[in-house]
Amino acid sequence: MACENNLVVKQIIDLYSQISNLESLKPSKSVDTLFGQLVSTCLPTDTDIDVTKIHDDKVKDMRSHLIKLCGEAEGYLEQHFSTIIGSFEDNPLNHLHMFPYYNNYLKLSELEFDLLSQHISHVPTKIAFIGSGPMPLTSIVLAKFHLPNTTIHNFDIDSQANTLASSLVSRDPDLSKRMIFHTTDVLNAKKGLDQYDVVFLAALVGMDKESKVKAIEHLEKHMAPGAVLMLRSAHGLRAFLYPIVDSCDLKGFEVLTIYHPSDDVVNSVVIARKLGGSSEARNSEIGRCVVMSCNCSKIHGIMNSRGMMKNMIEEFSTVE
């Protein structure tokens with residue numbers, strides 16, 4: 001693939017060049033404009049570009065660095081708006097709409113909840129969100145609109161992020177009791193991970209393949225058999241913004257669904273279930289891609305609330 005000569009990739013390379021030369025990635029007119037252009041450039045799904053098949057070292061290195069720059073800028077953006085929203089004297093949650101991507105989080109969280117509901121037999125009483133950040137919108141939206149009786153434990157390595165996040169819910173009589181924050185590296189979180197029915201792994205935890213797989217392996221080791229792991233991935237051009245989680249990265253898990261939105265929700269959603277019981281059962285799956293272990297692998301459109309087929313979903317069912 002002469003990827004570097006592709007017109008869209010050229011546009012992404014040009015935006016990367018401008019972004020990497022910025023003095024700061026904190027919110028500003030220039031930062032907001034460039035990242036807005038980058039997201040718009042990467043949103044189209046009618047492309048044959050598969051970043052996993054890019055062999056051009058220059059483009060591969062650019063993508064790797066660009067993902068890290070996007071993660072850094074996203075962190076600054078969340079920190080900025082969490083500080084502003086948390087400063088309101090009334091309930092800060094009444095002002096979440098100020099966050100520029102709030103509507104996207106509403107859509108993504110509804111999508112994740114709907115997909116999750118297809119794979120669990122009961123409403124989870126306690127879930128974990130790894131990498132919740134200073135603006136834990138997924139946790140807030142899930143607790144507020146979809147899981148009104150569920151306690152959500154939020155894990156983040158940054159104590160300042162947890163302080164800001166805690167401030168957002170501290171004056172809400174309901175969420176202040178159901179949102180709990182833990183400051184720790186995911187790789188140090190061991191005891192207690194087996195108590196959660198569902199574990200979310202944020203897109204920004206593990207910004208390269210090695211660290212992402214390391215986090216997944218740690219969760220597989222300490223989650224309860226049968227517990228569900230929710231991950232965010234990327235597809236097509238959107239993989240220039242976020243790292244991809246492949247089914248083969250999920251050793252020790254049964255991959256249930258990989259969902260690729262085609263609207264303005266950027267992230268793909270991956271749902272997997274930890275294999276049960278013995279180490280022998282886990283070892284029997286090691287090294288097997290989901291494509292090899294399923295008798296059903298189909299991609300089809302799923303209807304949205306208006307009856308339009310807009311998204312792509314891969315369903316997997318294991319061989320009995």
Side-chain angles (χ1 to χ4, degrees), residues 1-54 56-85 96-109 111 131 133-135 137-138 202-208 232-245 259-269 310-312:
M1 176 193 297
C3 191
E4 191 177 348
N5 295 321
N6 181 279
L7 180 59
V8 178
V9 175
K10 281 185 175 180
Q11 293 175 338
I12 294 172
I13 291 173
D14 178 61
L15 288 166
Y16 162 75
S17 177
Q18 296 180 65
I19 289 171
S20 59
N21 286 320
L22 290 168
E23 292 185 5
S24 170
L25 294 178
K26 293 182 178 180
S28 67
K29 184 176 181 180
S30 56
V31 170
D32 296 346
T33 298
L34 285 173
F35 277 101
Q37 292 174 350
L38 177 65
V39 172
S40 297
T41 303
C42 294
L43 275 182
T45 56
D46 54 344
T47 174
D48 58 356
I49 294 177
D50 182 350
V51 300
T52 63
K53 296 180 180 178
I54 293 176
D56 188 318
D57 288 338
K58 180 180 178 181
V59 177
K60 287 166 66 176
D61 289 344
M62 180 275 294
R63 173 180 171 255
S64 178
H65 190 215
L66 182 57
I67 287 174
K68 292 176 181 177
L69 292 175
C70 288
E72 185 179 348
E74 187 171 329
Y76 283 133
L77 183 71
E78 290 189 7
Q79 185 181 68
H80 175 75
F81 278 95
S82 185
T83 301
I84 293 174
I85 295 171
L96 290 176
H97 62 275
M98 294 178 63
F99 187 68
Y101 299 105
Y102 178 58
N103 286 333
N104 293 73
Y105 274 92
L106 288 176
K107 292 180 183 179
L108 178 56
S109 297
L111 167 62
M135 178 75 78
L137 278 176
T138 300
L204 299 185
V205 176
M207 296 303 289
D208 56 63
R232 288 171 181 170
S233 181
H235 185 65
L237 291 172
R238 300 164 188 225
F240 282 102
L241 306 174
Y242 291 99
I244 296 173
V245 176
Y259 192 101
H260 305 304
S262 58
D263 54 10
D264 58 352
V265 173
V266 177
N267 289 111
S268 297
V269 178
K310 296 186 64 177
N311 305 287
M312 302 298 285

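Remember, it's a predicted structure, so these values are computed and weren't measured experimentally.
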Exercise. Between the main-chain N or O of Gln79 and the side-chain N or O of Thr83, is there a donor-acceptor pair closer than 3.5 Å?
Worked result: yes
Exercise. Rounded to the nearest 0.5 Å, what separation is found between the OG1 atom of Thr138 and the CG atom of Leu106?
Worked result: 10.0 Å
Problem set entry | Exercise: identify the closest heavy-atom pair between Lys60 and Ile54 | CD-O, 3.1 Å
Problem set entry | Close side-chain approach of Ser233 to Val269, heavy-atom, < 4.5 Å | no
Exercise. What is the minimum heavy-atom distance between His260 and His235, and which atoms define it?
Worked result: ND1-CB, 3.4 Å
Seminar exercise, completed: Distance col, row Ile85:CD1 vs Glu78:CD, nearest 0.5 angstrom, shows 10.5 Å
Problem set entry | Closest approach of Val31 to Lys26 (non-hydrogen atoms, all atoms of both residues) | CG2-O, 3.4 Å
Exercise. Is the closest side-chain heavy-atom distance between Phe240 and Val59 below 4.5 Å?
Worked result: yes
Exercise. What distance separates Met135 CE from His80 NE2, expressed to the nearest 0.5 Å?
Worked result: 9.5 Å
Exercise. Hey, are the side chains of Asn267 and Pro261 touching, using non-hydrogen atoms and a 4.5 Å cut-off?
Worked result: no
Problem set entry | Gap separating the CG atom of Leu7 from the OG1 atom of Thr41, nearest 0.5 angstrom | 10.0 Å
Exercise. Do the non-hydrogen side-chain atoms of Asp264 and Val39 ever get within less than 4.5 Å of each other?
Worked result: no
Problem set entry | Heavy-atom side-chain proximity of Tyr101 to Leu77 below 4.5 angstrom | yes
Problem set entry | Nearest-0.5 Å distance that lies between atom CD in Gln18 and atom OG1 in Thr33 | 10.5 Å
Exercise. Hey, is the main chain of Pro134 close enough, under 3.5 Å, to the side chain of Ser82 for a donor-acceptor pair?
Worked result: yes
For this session: Quickly, which of Tyr102, Tyr76, Phe99 forms a ring pair (Phe, Tyr, Trp, His ring centres under 6.0 Å) with Phe81? Name it, please.
Result: Phe99
Exercise. Between Ser268 and Ala234, what is the shortest heavy-atom contact and its length?
Worked result: OG-C, 3.8 Å
Problem set entry | Stepwise side chain to side chain contact (heavy atoms under 4.5 Å, CB included) check, His97 with Asn103 | CA-CA 8 Å; His97 62 275; Asn103 286 333; over 6 Å; no
Problem set entry | Tyr242/Glu74 under side chain to side chain donor-acceptor pair (under 3.5 Å): CA gap, chis, key distance, verdict | CA-CA 11 Å; Tyr242 291 99; Glu74 187 171 329; 2.6 Å; yes
Exercise. Where do Leu25 and Phe35 land on the side chain to side chain contact (heavy atoms under 4.5 Å, CB included) test, with the steps shown first?
Worked result: CA-CA 10 Å; Leu25 294 178; Phe35 277 101; 4.0 Å; yes
Problem set entry | side chain to side chain contact (heavy atoms under 4.5 Å, CB included) assessment of Leu237 paired with Val51 | CA-CA 7 Å; Leu237 291 172; Val51 300; over 6 Å; no
Problem set entry | Any side-chain heavy-atom pair of Cys42 and Ile12 under 4.5 Å | yes
Problem set entry | Donor-acceptor pair, side chain of Asp14 and main chain of Lys10, under 3.5 angstrom | no
Problem set entry | Ser30 to Leu22 - nearest heavy-atom pair and separation | OG-CD2, 4.1 Å
Problem set entry | Least distance between heavy atoms, Ala203 atom then Arg232 atom | CB-CB, 3.9 Å
Seminar exercise, completed: Between the CE atom in Met62 and the CG atom in Asp57, the distance rounded to the nearest 0.5 Å is 12.5 Å
Exercise. Could you go step by step and tell me if Leu38 and Cys70 meet the side chain to side chain contact (heavy atoms under 4.5 Å, CB included) rule?
Worked result: CA-CA 10 Å; Leu38 177 65; Cys70 288; 3.8 Å; yes
